[in-house]
Amino acid sequence: MTVGVHVQTVYILNGPNLNLLGKRQPEIYGHETLADVETRCLQITDAAGLTLKFLQSNAEYQLIDWIHEAREEAVGIIINPAAYTHTSVALLDALKTCEMPIFEVHISNVHQRESFRHHSYVSLAATGVIAGCGTQGYELALHRLLRLVQG
Ligand code: DQA
């Protein structure tokens with residue numbers, strides 16, 4: 001019988017329309033694709049010896065199901081909930097069931113934009129929030145998460 005080594009897993013979840021990153025309003029969100037972001041995040045988790053699950057969905061229920069999965073399997077969550085940030089009590093409730101560091105990332109500076117983007121339900125469950133750092137925000141969140149889980 002082989003005894004498996006438990007590898008720590010980080011979930012990075014992306015909400016609606018982020019599949020179009022690079023094509024969608026590049027003046028706000030930049031020219032990089034979500035695949036580019038995943039590649040850079042993978043370099044960080046590989047170097048740290050962690051497994052990365054990098055996921056995107058346009059469906060709220062799917063994001064909730066992944067949070068439930070992360071609850072059992074992950075050491076931390078980074079989430080860009082996109083427009084669900086500002087609407088979803090369901091995502092907040094799901095995140096509230098997770099006892100681990102949670103980072104909320106926004107590519108744009110939501111506080112500089114329309115007033116409906118100034119409020120976040122998800123922030124009530126977040127350990128930290130990064131906004132306005134472009135796609136680099138994912139890496140910044142990842143470094144902070146690694147510091148918290150690996151010391
Ligand atoms: C976003 C900001 C949200 O207000 C918006 O709905 C998005 C992306 C960001 O990354 O800046 O889709 O979360």
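One-based numbering, in listed order, for ligands and for the atoms of each.
Panel note: side chain Asn14, backbone Pro81; no donor-acceptor pair is recorded below 3.5 Å. The backbone N or O of Ile44 sits nowhere less than 3.5 Å from a side-chain atom of His143 that would complete a donor-acceptor pair.
Of the heavy atoms in Arg24, only side-chain atoms (C-beta onward) come closer than 4.0 Å to ligand 1.
Protein heavy atom nearest atom 11 (O) of ligand 1, with residue, atom name and distance: Ser108 OG, 2.6 Å. Distance from atom 1 (C) of ligand 1 to its nearest protein heavy atom, with residue and atom name: His106 ND1, 3.7 Å. In terms of protein heavy atoms, atom 2 (C) of ligand 1 is closest to Val110 CG1, 3.6 Å. In terms of protein heavy-atom proximity, atom 9 (C) of ligand 1 is nearest to Ile107 N, 3.3 Å. Closest protein heavy atom to atom 5 (C) of ligand 1: Arg117 NH1, 3.3 Å.
Inclusion of Thr85 in the set of residues having an N or O under 3.5 Å from an N or O of ligand 1 is not warranted. Ligand 1 has no nitrogen or oxygen under 3.5 angstrom from a nitrogen or oxygen of Leu18. Residue-to-ligand polar distances place Asn80 within reach of ligand 1: an N/O pair is separated by less than 3.5 Å.
Comparing His118, Glu114, His86, Glu104 against atom 3 (C) of ligand 1, the shortest heavy-atom distance belongs to His86.
In this structure, Phe103 and Leu148 have side chains that are in contact, with non-hydrogen atoms separated by less than 4.5 Å. Val105 is not listed as a side-chain neighbour of Ile79, based on a closest heavy-atom distance of 4.5 Å or more.
Remark: Glu99 does not engage Arg71 in a salt bridge, criterion side-chain N to carboxylate O under 4.0 Å.
Aromatic rings from His86 and Tyr84 are positioned such that their centres are separated by 6.0 Å or more.
Heavy-atom distances between Asn17 and ligand 1 stay at or above 4.0 Å for every pair.
Summarising the local packing, OH of Tyr61 is surrounded by 12 or fewer heavy atoms from other residues, nucleotides or ligands at distances under 6.0 Å. By the 6.0 Å contact criterion, CZ on Arg117 is enclosed, its count of non-hydrogen atoms from other residues, nucleotides or ligands being greater than 12.
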